[in-house]
Amino acid sequence: MRIAFFEVQDWEQPFLEEGLKGHEVNLFNGVLDGESVNKAKDAQVISVFIYSSLNKELISQLTNARLIATRSTGFDHIDLQECKKRGITVSNVPIYGETTVAEHTFALILSLSRIIHDAYERTRRGDFTCVGVQGFDLNGKILGVLGTGRIGVKVIEIAKGFRMNVLAYDRYPDNNLADALGFKYTSAMDLLQKSDIVTLHLPLNDETYHFLNKHTINTMKQGSVVINTARGGLIDTQALTDALMSGHLSGAGLDVLEEESLIREEAQLLLDNVPRERLATMLRAHILLRLKNVVITPHCAFNSKESLERLVYGTIENIKAFSEGKPQNVIKTK
Ligand code: NAI
């Protein structure tokens, strides 16, 4: 089979070439988009990371594609309906980085609870005073976990190590798990009202888009903190910025932002006809970037040596299984 990989980092090359020996493997560093789509036209298998936006128009040009193997857990960058219509199988790697993302979630929580980001900058400038960098203990605080899937559960396990009390919300509560790990399921509203720290581990889809909006953020406890390592679209950026500037929320730890792809490719904005509303959201995200009580990382929660190796091996296994007529990790479409 001819396999075209996009968004490839140099270290991935030997793994992919060795793991898919016998296939024709083409590797490209850039994203798959309107400009690079010619490179994918003959490929039966296409593999992307999350910055290739596989919309209807782009998919319609992948005339030979039989499998899209995303090198990620999330798949909101792929139009699944269009793939289904065209008979293209889509696979992801559901398990590779749940402990990695959970550890990053706590890196953000601890950065905010101990004001590490600010203290670090001050100390580098030679300021050894502790004024203005008083943090708070995690011990005894309430952590609200939205989504108790693979990552949410790992976050809860770590939280118990810090002796936090955990409230959780999920569409499919697992009460046995709650008993085993010592946390409680509740409604989303109750969780938001009671939690000192709220952390998001939901997928982004039509139901969860702007899960935290003006209304739901208003119900959050005064002075609480929000953490998002899932997807930017789960939070309305304007509502979050307003709540942080008014002091209703005391901090935010964000690995993901709405319209982060526009921020990454700012030069492209001059060429593309980007709708005004998307540009406005990007500008709001820029305001967030400058707030002192916000810690932002560049969508790198998954990015550890161990997890990326698991991600690449998982993708290779998905492609091999497909080529042997036994597709695995296929994303189901309604
Ligand atoms: P998962 O599928 O194991 O868990 C998601 C949980 O959310 C499930 O328990 C599900 O029942 C629940 N859920 C789904 N829709 C819901 C709704 N409308 N209301 C209430 N509960 C709902 O997913 P996993 O592996 O824990 O990942 C979570 C998200 O984290 C991914 O979808 C992805 O977007 C993001 N992610 C981010 C990474 C990063 O580097 N920042 C890396 C990997 C994943």
Side-chain angles (χ1 to χ4, degrees), residues 7 9 48-51 53 70-78 80 90-109 144-159 166-178 181 183 185-192 198-213 216 226-235 252-258 260-261 263-264 295-312 314-315 329-334:
E7 305 181 67
Q9 296 181 37
V48 294
F49 185 55
I50 55 169
Y51 294 112
S53 180
T70 185
R71 301 198 301 292
S72 60
T73 301
F75 43 80
D76 45 282
H77 54 299
I78 303 172
L80 296 180
V90 181
S91 68
N92 71 339
V93 185
I95 302 174
Y96 76 93
E98 63 275 27
T99 48
T100 312
V101 177
E103 286 177 17
H104 194 87
T105 301
F106 265 85
L108 294 174
I109 291 175
V145 178
L146 293 168
T148 55
R150 298 175 195 92
I151 296 170
V153 166
K154 294 291 170 197
V155 167
I156 293 171
E157 286 175 0
I158 299 175
V166 178
L167 290 176
Y169 166 72
D170 197 289
R171 185 161 60 171
Y172 302 115
D174 180 344
N175 289 314
N176 291 334
L177 182 74
L181 293 183
F183 69 92
Y185 278 105
T186 186
S187 66
M189 284 303 153
D190 187 55
L191 180 151
L192 295 177
V198 171
T199 182
L200 287 149
H201 303 289
L202 298 166
L204 176 62
N205 53 41
D206 290 346
E207 278 173 44
T208 59
Y209 175 72
H210 284 186
F211 195 91
L212 292 188
N213 50 46
T216 50
V226 65
I227 305 291
N228 190 6
T229 57
R231 284 292 183 268
L234 293 170
I235 307 182
L254 309 170
D255 183 52
V256 286
L257 290 173
E258 273 195 290
E260 65 191 43
S261 57
I263 299 175
R264 281 170 64 94
V295 180
I296 300 193
T297 50
H299 200 146
C300 64
F302 64 93
N303 192 0
S304 75
K305 181 178 182 298
E306 295 82 359
S307 73
L308 286 190
E309 287 180 9
R310 288 192 291 269
L311 181 60
V312 170
T315 304
N329 295 322
V330 173
I331 299 164
K332 293 187 181 69
T333 320
K334 279 182 211 153

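Counting starts at 1 for both ligands and their atoms, in listed order. Quick caveat: nothing in here was measured; it's all calculated off a predicted structure.
- For the 3.5 Å distance criterion, the side chains of D255 and T297 qualify, holding a donor opposite an acceptor.
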Quick check on ligand 1: any N or O pairs to the protein under 3.5 Å? One line per pair.
unit_1, atom_1, unit_2, atom_2, d
ligand 1, 3 (O), R150, N, 2.9
ligand 1, 3 (O), R150, NH1, 3.0
ligand 1, 9 (O), G149, N, 3.3
ligand 1, 9 (O), D170, OD1, 3.4
ligand 1, 9 (O), D170, OD2, 2.6
ligand 1, 11 (O), D170, OD1, 2.7
ligand 1, 18 (N), E207, OE1, 3.2
ligand 1, 21 (N), R171, N, 3.0
ligand 1, 26 (O), R150, N, 3.3
ligand 1, 26 (O), I151, N, 2.9
ligand 1, 34 (O), R231, NH1, 3.4
ligand 1, 40 (O), F302, N, 3.1
ligand 1, 41 (N), T229, O, 2.9
ligand 1, 41 (N), D255, OD2, 3.0

Under 3.5 Å, sequence neighbours excluded: what are the donor-acceptor pairs made by side chains of residues 166-178?
unit_1, atom_1, unit_2, atom_2, d
D170, OD1, Y172, N, 2.8
D170, OD2, T148, N, 2.7
D170, OD2, T148, OG1, 3.3
R171, NH1, E207, OE1, 3.1
D174, OD1, N176, N, 3.3
D174, OD1, L177, N, 3.1

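- With sequence neighbours excluded, the residues that form a salt bridge (Lys or Arg N to Asp or Glu O under 4.0 Å) with E157 are K154.
- When all heavy atoms of L311 and S72 are compared, the pair lying nearest together is CD1-N, 3.6 Å.
- Ring orientation note: the planes of Y51 and H299 are nearly perpendicular, at an angle over 60° on the 30°/60° scale.
- Not counting sequence neighbours, the partners of E7 by the side-chain hydrogen bond (donor to acceptor under 3.5 Å, both in side chains) test are S52.
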